[in-house]
Amino acid sequence: MLFFRREGTITLSNKITAKERLQINRQRMPEQDATARAANFQEVNLGFGEQLAMLEAQRCLQCREAKCIAGCPVMVDIPRFINYVAEGNFAAAAENLLRDNALPAVTGRVCPQETQCEARCVRGQKGAPVAIGYLERFVADWARHNEGSIVTTHAPRMGRKIAIVGSGPAGLTAAGELVRVGHSVTIYEALHKPGGVLVYGIPEFRLPKKIVHDEVQRLKKTGVKIECNVIIGRTYTLQDLRQRFDAVFIANGAGLPVFMNVPGENLKGVYSANEYLTRVNLMEAYDFPKTDTPVLAGRRVATIGGGNVAMDAARTAKRVGAEQSSIGYRRTRAEMPARAEEIHHAEQEGIAFEFLVAPLEVLGNAQRWVTGLKCRRMRLGEPDESGRRSPVPIPGSEFVIECDLVIVAIGSRANPLLTATCPELKLNKWGNIEVDASGMTSLPGVFAGGDIVRGAATVILAMGDGKRAARTIDVYLKRG
Amino acid sequence: MHKILSKRKLSPNVTRLDVLAERIAAIRLPGQFVIVRRGEGAERIPLTIADSDAKAGSIALVIQAVGKSTRELVALEEGESIQDISGPLGRPTELIESGHALCVGGGVGTAVVHPIAQGLFRRGVRVTSVIGGRSKEWVIFEEELRRLGEVVVCTDDGSYGRKGFVTDAVKDLLAAGGVDVVYAIGPVPMMRAVAELTRPASLHTSVSLNPVMVDGTGMCGGCRVSIGGETKFACVDGPEFDGHQVDFDLLADRLSIYRPQEQKSLARHGEACLIGLEKPKGA
Ligand SMILES: Cc1cc2nc3c(=O)[nH]c(=O)nc-3n(C[C@H](O)[C@H](O)[C@H](O)COP(=O)(O)OP(=O)(O)OC[C@H]3O[C@@H](n4cnc5c(N)ncnc54)[C@H](O)[C@@H]3O)c2cc1C
Ligand SMILES: Cc1cc2nc3c(=O)[nH]c(=O)nc-3n(C[C@H](O)[C@H](O)[C@H](O)COP(=O)(O)OP(=O)(O)OC[C@H]3O[C@@H](n4cnc5c(N)ncnc54)[C@H](O)[C@@H]3O)c2cc1C
Ligand code: FES
């Protein structure tokens, strides 16, 4: 018999010994067959069932000083919810998880667990870490299907009004936290559908839109108002919002595509990943002509980049009908910033990888359609001050990737639409909004978070910012 | 939801819809546009705000039915609604403070030039409009523009006004002198031709570019155009640019990207209308 004690709040006796726990292997995520799924948009991962989840949960050693928690940007009390899963008390697991993380069904699917919580898990030192992400997803999905059994409490309205710009993970999280403590919240969203990158960028096969939709509905039920088709900087200015609301939280993301700046980039058949993915995801071009927005399918598609965005674009291209879909990245597999699972899934689906290559020119035919991408091979040079080895071109190594579609996924930056209309707002040299330790901008009462502050980052960091901003806004309003 | 307050056919393929959009009606400026999505499954398409009535809270959309999305929009009736309208988008027109402006409109571009002429007129700028169409029945916005200044109408077949293209009339007006600026909006070949007419004298000529758009906020880059050799996003940097700097070939070329898909979409629309099975979504 073992006793686990953390924070002195729960004392649990479990039926299984540490030794027995150590003997359980990490459970595999059931997934759609790779060939079948490369031709459909249904979710790749199928999720744990109850038995699998309980078994995996028993692998957790319930460390007294749980390092995994420190690895989580929003400090989810991981061992606690996992312990409830191990016991089969899913409602309690859900209550605890949801208290720390407003969008667990999303983060359970898209967080880079391998560099965060799971990287710190002691079980990873000898073998595989506990599948924290899969368990989070399991609990979140259970909660979505058993909504009635989870208790959430709301403070009475206090009559203070907050405007939020953008309905991505930062905006949605802040909204949830602010209504919970009794504030009135209105979210303004530029597009016709709320969710930010979660709906226009990340594809259905990784994050079903229904999940985002349900989260948005849940928020609306708690009283959050969401006005779509409102562009701050155009429909209203930040100044308008400051006059009508007691505080403003800017969470408009990093929606400005970066192009390669090489000749031929305006040829027909060159897309930014933003445009390509928006057409397919938000505008549902995969269903064309049943839906009205077209997308070029491409027979041979070359995607440039090494992050999640590149993986999503290349895998989407396969699903839209490309015979060949490849990814060119200027460093090696080890440096790719994409989630490990996405790289793995892309490989399984037959995406070809070209490492250590950099684009030089997009080639076209007489009708100005893309025919290829001229690249140059690179090697990794000496580490710079930051310790990163930068790619160095190899002279005379030019070659051509033959393709009829090029998708540029080399990053995105702060979109100046809003900030350009508000010169008093302090920006850094990349155009990101500067905030102090509390999340406040150079304008009193105006806060900011997520990608507009950090540059293209992650869902969970955006959510962390939303949560922090909500807390400081609450303090700010109570003080003011 | 944006209710259609009135619908009027202006020419055989151009329809005016006055649509409820209070906020936009109150603040829109000449040269700005909206992105319209008729209903579920529909495309987002850019349309210029041709006029507005702040009291009624309405904006005027003047739509040339060229493909599926525009045909389905003009198939909507008074009292029906458009699901999404966002805006006002784009940079407002740079209006001159005084002097004489030539406003050139070809086809549906005449409706796009109207708010610019309106803005100029309100500042006291002298406005001369040159507008054209295939024949008399294709000429639009003549009456509205007459309220703002002199109007020269051109028709290809001479059935009304002067026979010939708008460019012929523009050439004569330029020869007469005294023009300080030209605003030219219409089909790509027309804007290119006008820009060529004014190039020798370096007479500032503003044109409005109409590339395919998606979001209209600078997020996708699909609307990129080349201005003086530099790539710009028409939805946020434009849609109006210096006509002498525009790469019109690139614009025309990029407008042809989806031609096969557009035909497919239109064919589907045609079939659905014929057999009466599918009412446009959102209708
Ligand atoms: C294809 C893709 C895949 C990704 N995959 C992952 C992943 O697997 N894991 C991960 O952690 N991260 C991933 N990311 C990154 C992650 O999605 C972002 O870091 C995160 O969404 C940022 O959240 P946000 O709330 O700051 O902004 P966003 O999600 O960008 O939301 C901003 C919202 O604001 C709206 N907006 C913009 N301007 C205005 C305005 N002026 N007025 C009103 N509204 C406005 C936008 O339309 C948008 O809806 C991915 C990103 C992309 C593009
Ligand atoms: C800033 C801006 C303002 C505009 N204002 C107006 C307006 O006030 N009234 C109006 O009728 N139209 C306007 N347009 C054009 C309008 O958006 C397109 O005609 C429309 O998107 C076509 O959609 P569709 O599905 O009906 O036709 P599609 O099936 O997409 O196309 C049918 C035909 O139209 C051409 N076409 C496609 N997109 C465009 C385009 N963006 N511009 C020109 N031709 C195109 C195609 O090459 C094709 O030959 C504007 C465009 C822009 C960018
Ligand atoms: S329409 Fe997407 S950037 Fe202009």
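No experiment lies behind these values; they were computed from the predicted model shown. What's counted below: heavy atoms across the whole structure, side chains too, no hydrogens, waters or symmetry copies. In what follows, chains carry the letters A, B, and so on, assigned in the order in which the sequence lines appear, proteins first and then strands, with residues in each chain numbered from 1.
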Could you tell me if the side chain of Asp249(B) sits less than 4.5 Å from the side chain of Arg368(A), heavy atoms only?
no
Within a strict 4.5 Å, meaning less than it, do heavy atoms of the Ser256(B) and Lys268(A) side chains meet?
yes
When the 4.5 angstrom heavy-atom criterion is applied to Val236(B) and chain A, the contacting part is both
- Message: Does any part of the side chain of Trp369(A), heavy atoms only, come nearer than 4.5 Å to the side chain of Ile257(B), both counted from C-beta?
- Response: yes
Exercise. Are the side chain of Arg37(B) and the backbone N or O of His192(A) linked by a donor-acceptor pair below 3.5 Å?
Worked result: no
Assert top hit (heavy-atom pairs under 4.5 Å, partner chain A, pool Gly67(B), Ser69(B), Gly222(B)) equals Gly222(B)
Honestly, the part of Val34(B) sitting under 4.5 Å from a heavy atom of chain A is neither
Chain B shares the most heavy-atom pairs under 4.5 Å, among Leu256(A), Thr278(A), Asn415(A), with Asn415(A)
Q. Is Lys374(A) atom NZ crowded by more than 12 heavy atoms from other residues, nucleotides or ligands, each under 6.0 Å away?
A. no
Test item: side-chain donor near acceptor, Asn266(A) and Thr231(B), under 3.5 Å: yes
Checklist line | Beyond-backbone contact of Thr291(A) with Glu40(B), side-chain heavy atoms, under 4.5 angstrom | finding: no
So, the part of Ile35(B) with a heavy atom under 4.5 Å from chain A: the answer is neither
Whether the side chain of Thr235(A) engages the backbone of Gly87(B) through a donor-acceptor N/O pair (distance < 3.5 Å, no angle test) should be reported. yes
Does Gln367(A) reach the side chain of Asp253(B), with side-chain heavy atoms less than 4.5 Å apart? no
Quiz item: Is there a side-chain contact between Lys290(A) and Arg268(B) (heavy atoms, below 4.5 Å)?
Solution: yes
Comparing Arg224(B), Gln261(B), Arg28(B) against chain A, the one with the most heavy-atom pairs below 4.5 Å turns out to be Arg224(B)
To the nearest 0.5 Å, atom OH of Tyr236(A) lies from atom CZ of Arg23(B) at 5.0 Å
Within a strict 4.5 Å, meaning less than it, do heavy atoms of the Glu275(A) and Asp215(B) side chains meet? no
For Ser86(B) and Ala190(A) the tightest heavy-atom approach is CB-O, 4.4 Å
>> What I'd like to find out is whether the side chain of Ser272(A) reaches to under 4.5 Å of the side chain of Met219(B), using heavy atoms alone.
In response: no
Asp84(B) backbone acceptor or donor facing Asn229(A) side chain under 3.5 Å | no
Honestly, the part of Ile27(B) sitting under 4.5 Å from a heavy atom of chain A is side chain
If one checks every heavy atom of Arg44(B) against chain A at 4.5 Å, the contacting part turns out to be both
Lys209(A), NZ atom: more than 12 neighbouring heavy atoms under 6.0 Å:
yes
Honestly, the part of Asp240(A) sitting under 4.5 Å from a heavy atom of chain B is side chain
Heavy atoms of Phe259(A) and Cys220(B) approach each other most closely as CZ-O, 4.4 Å
